[in-house]
Novice: 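First the structure, then my questions, so here it is.
Chain letters run A, B, ... following the sequence lines, proteins first and then strands; every chain starts at 1.
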2 protein chains.
Amino acid sequence: MFTKVFVYSLKALIMSATGKHIKPTESELEILRVLWEKGPSTVREVHEILEQSKDAGYTTTLKLMQIMHEKGLLQRDASSKTHIYASAVSQENTQRQLLDKMIDTVFNGSASQLVLQALGNHKSSKEELEKIKQYLDEIEKQQR
Amino acid sequence: MFTKVFVYSLKALIMSATGKHIKPTESELEILRVLWEKGPSTVREVHEILEQSKDAGYTTTLKLMQIMHEKGLLQRDASSKTHIYASAVSQENTQRQLLDKMIDTVFNGSASQLVLQALGNHKSSKEELEKIKQYLDEIEKQQR
DNA sequence: TTTCATTTACGAAAACTATCGTACATTTGT
DNA sequence: ACAAATGTACGATAGTTTTCGTAAATGAAA
């Protein structure tokens with residue numbers, strides 16, 4: 001009995017070995033989001049979700065996902081005719097990298113400046129705010 | 001006596017009238033950052049700062065700034081030979097837009113998820129943390 | 001087995017970004 | 001007044017991203 005095998009492309013392996021960082025484009029991010037939420041999926045499954053919010057053909061999504069596999073953003077199981085793709089990068093890792101870059105290039109390196117903006121313009125629930133405050137307390141403790 | 005007149009390009013006016021949103025590229029953001037900090041400047045002034053951290057010729061910076069003016073990202077005073085450019089978009093506005101998009105596309109719409117990430121990965125000073133806590137208190141008060 | 005539907009693969013066009021060389025215009029110094 | 005310096009304008013090119021048409025492969029159905 002065989003288990004499904006997700007493979008990385010050669011290019012992907014080389015890149016991860018050299019510790020390169022992830023820089024998905026806008027469209028790539030849309031695909032990653034679908035895969036992060038739904039888990040491993042076919043091109044068609046991903047496409048059907050993207051279709052709801054954007055206007056592009058099936059082959060466009062396919063091509064994008066193929067390229068992403070080349071780049072190492074996606075793994076795929078090609079053992080059956082219909083390939084199954086999965087994200088090869090963690091959501092958290094990607095989030096952190098993009099966030100770091102944004103703090104750097106948009107907020108002059110000040111994370112708290114970003115935080116204030118983020119909190120000011122988005123209604124956060126009471127629970128979320130509490131969570132953040134607790135977190136702040138922890139950080140302060142550690143600093144002592 | 002004349003005062004300096006900064007002009008928007010026609011394209012810029014049309015775009016701002018239709019309420020389009022700002023989406024500067026990486027390079028454009030670098031230029032905006034310089035102008036936000038230094039205020040209205042010549043191409044040369046901007047270029048000399050960019051030169052320190054990146055490797056591109058003068059005409060490259062010039063072209064970029066011309067394009068940005070076309071797009072409405074920059075205003076310019078062309079009354080003297082040496083044009084003087086200024087940002088046509090506020091830093092705060094731009095920050096908020098880019099941040100909103102990031103929350104949307106990268107953090108599934110959860111601002112506080114982003115906040116936790118931001119605080120976790122960047123050492124913030126005690127004062128900054130205090131500021132954030134005060135801010136949180138204010139928000140909570142308003143919610144009651 | 002032949003046909004039909006689905007899927008992948010390939011290539012190429014269109015749009016956008018970044019870069020720079022060169023030409024032209026305008027000051028400025030001599 | 002005129003040459004040198006400085007600046008802008010104008011392509012042109014290379015790279016990347018997004019898009020899609022068409023062909024080839026594969027599996028299912030009749």
Novice: Do A:His83 and A:Met65 have side chains that get closer than 4.5 Å, going by heavy atoms?
Specialist: no

Novice: Could you report the tightest heavy-atom contact between B:Ser87 and B:Trp36, atom names first, then the distance?
Specialist: OG-NE1, 3.2 Å

Novice: Can you establish whether the number of heavy atoms outside A:Glu37 located under 6.0 Å from its atom CD is more than 12?
Specialist: no

Novice: Of all nucleotides in DNA chain C with an atom under 4.0 Å from a non-hydrogen atom of chain B, which is the first and which the last going 5' to 3'?
Specialist: C:dT17 to C:dT27

Novice: By ring-ring contact (aromatic ring centres under 6.0 Å, His included), which residues pair with B:His47, not counting sequence neighbours?
Specialist: B:Tyr58

Novice: Work out which heavy atom in B:Arg33 is nearest to a heavy atom in A:Thr105; give both atom names and the distance.
Specialist: CD-O, 2.8 Å

Novice: Looking at A:Ser80, does any N or O in its side chain come under 4.0 Å of the phosphate oxygens OP1/OP2 on D:dG27?
Specialist: no

Novice: When rounded to the nearest 0.5 angstrom, what distance separates NZ in A:Lys38 from CD in A:Glu45?
Specialist: 5.5 Å

Novice: So A:Thr60, base contact, sugar-phosphate only, or nothing? Heavy-atom distance under 4.0 Å.
Specialist: base

Novice: Identify the heavy atoms of A:Ala88 and A:Gly72 that sit nearest to each other, and give their distance.
Specialist: CB-O, 3.4 Å

Novice: Output one line per pair: protein atom, nucleotide atom from nucleotides 6-10 of chain D, and distance, for all N/O pairs under 3.5 Å.
Specialist:
{"from": "D:dT6", "atom 1": "O2", "to": "B:Lys81", "atom 2": "NZ", "distance (Å)": "2.5"}
{"from": "D:dG7", "atom 1": "OP2", "to": "B:Arg44", "atom 2": "NE", "distance (Å)": "2.4"}
{"from": "D:dG7", "atom 1": "OP2", "to": "B:Arg44", "atom 2": "NH2", "distance (Å)": "3.0"}
{"from": "D:dG7", "atom 1": "O4'", "to": "B:Lys81", "atom 2": "NZ", "distance (Å)": "3.3"}
{"from": "D:dT8", "atom 1": "OP1", "to": "B:His83", "atom 2": "N", "distance (Å)": "3.3"}
{"from": "D:dT8", "atom 1": "OP2", "to": "B:Tyr58", "atom 2": "OH", "distance (Å)": "2.5"}
{"from": "D:dA9", "atom 1": "OP2", "to": "B:Gln66", "atom 2": "NE2", "distance (Å)": "2.7"}
{"from": "D:dA9", "atom 1": "OP2", "to": "B:Arg76", "atom 2": "NH1", "distance (Å)": "3.4"}

Novice: For A:Lys23, answer base if it contacts any base atom (sugar-phosphate contacts may also be present), sugar-phosphate if it contacts only those atoms, and nothing otherwise; contact means non-hydrogen atoms under 4.0 Å.
Specialist: nothing

Novice: Which heavy atom in B:Ala118 sits nearest to a heavy atom in A:Ala111, and how many Å separate them?
Specialist: O-CB, 4.0 Å

